[in-house]
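Beneath this line is the structure, given in structure tokens, with notes to follow.
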Amino acid sequence: AVVSTQSTGRQKALQQQEENIKMEKERQEADRKLEEEEKQREREEEEALNSIIVDKKPVKQASPPPPVVPEKTKQELERERREKLREEQRRQRQSMMPSIDMNMQAEIMRTFETSHHL
């Protein structure tokens, strides 16, 4: 009786493993199909853009010059980068605040209990 339960357990494990492999293959196939569809859409978009560009003959017109936007100085860019970094660090510290190290908590409790039960 023990041997048959072991073999049925082994059979179930093998069936589960085969099912997992089958599911993984199906997932990979679906991913591959999605990737192919995406590539096909990109090709179609590229062809559409190329046909638009070919259809439009360059007409000599005086296009208005692009608006002059003052570039940020290196100091301004550096200041913005530092502000982003500070904000990121603040958020990280804030997210870490509520977490409790349960191992440390258990050690504190053990220390307290042993020191107060003397």
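What you are looking at is a predicted structure, and each value in this text was computed from that prediction instead of being measured.
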Please tell me whether [X] and [Y] have a donor and an acceptor in their side chains that are separated by less than 3.5 angstrom.
X     : Y     : answer
Gln40 : Glu44 : yes
Glu24 : Gln28 : yes
Asn20 : Gln16 : yes
Gln89 : Arg93 : no

[Y]/[X] salt bridge by N-O under 4.0 Å criterion:
X     : Y     : value
Glu36 : Lys33 : no
Lys39 : Glu35 : yes
Glu83 : Arg79 : yes

Next on the checklist: For a 4.5 angstrom cut-off between non-hydrogen side-chain atoms, does Asp31 reach Arg27?
Outcome noted: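 In contact.
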Checklist entry - Do Glu107 and Asn103 have side chains that get closer than 4.5 Å, going by heavy atoms? => result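 Contact flag for Glu107/Asn103 side chains = no.
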Item to check | Check against side chain to side chain contact (heavy atoms under 4.5 Å, CB included), Arg91 and Glu87 | outcome: CA-CA 6 Å; Arg91 286 184 182 161; Glu87 180 65 19; 3.1 Å; yes
Checklist entry - Atom CZ in Arg82, atom CG in Leu77: separation rounded to 0.5 Å? => result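 So the gap between those two atoms works out to 11.0 Å.
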Next on the checklist: Nearest 0.5 Å, please: how far is CD in Gln11 from CD in Glu18?
Outcome noted: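 It is 10.5 Å, given to the nearest 0.5 Å.
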Checklist entry - Just wondering, more than 12 heavy atoms not from Glu29 lying within 6.0 Å of its CD? => result yes
Next on the checklist: Show, in sequence, the C-alpha distance, side-chain angles and deciding distance for Thr73 and Glu76, and conclude whether the side chain to side chain contact (heavy atoms under 4.5 Å, CB included) test is met.
Outcome noted: CA-CA 5 Å; Thr73 64; Glu76 289 174 343; 3.3 Å; yes
Checklist entry - In the hydrophobic clustering that connects Ile, Leu, Val, Met, Phe, Trp and Tyr at side-chain heavy-atom distances below 4.5 Å, which members other than Ile108 occupy its cluster, ordered by chain and number? => result Met104
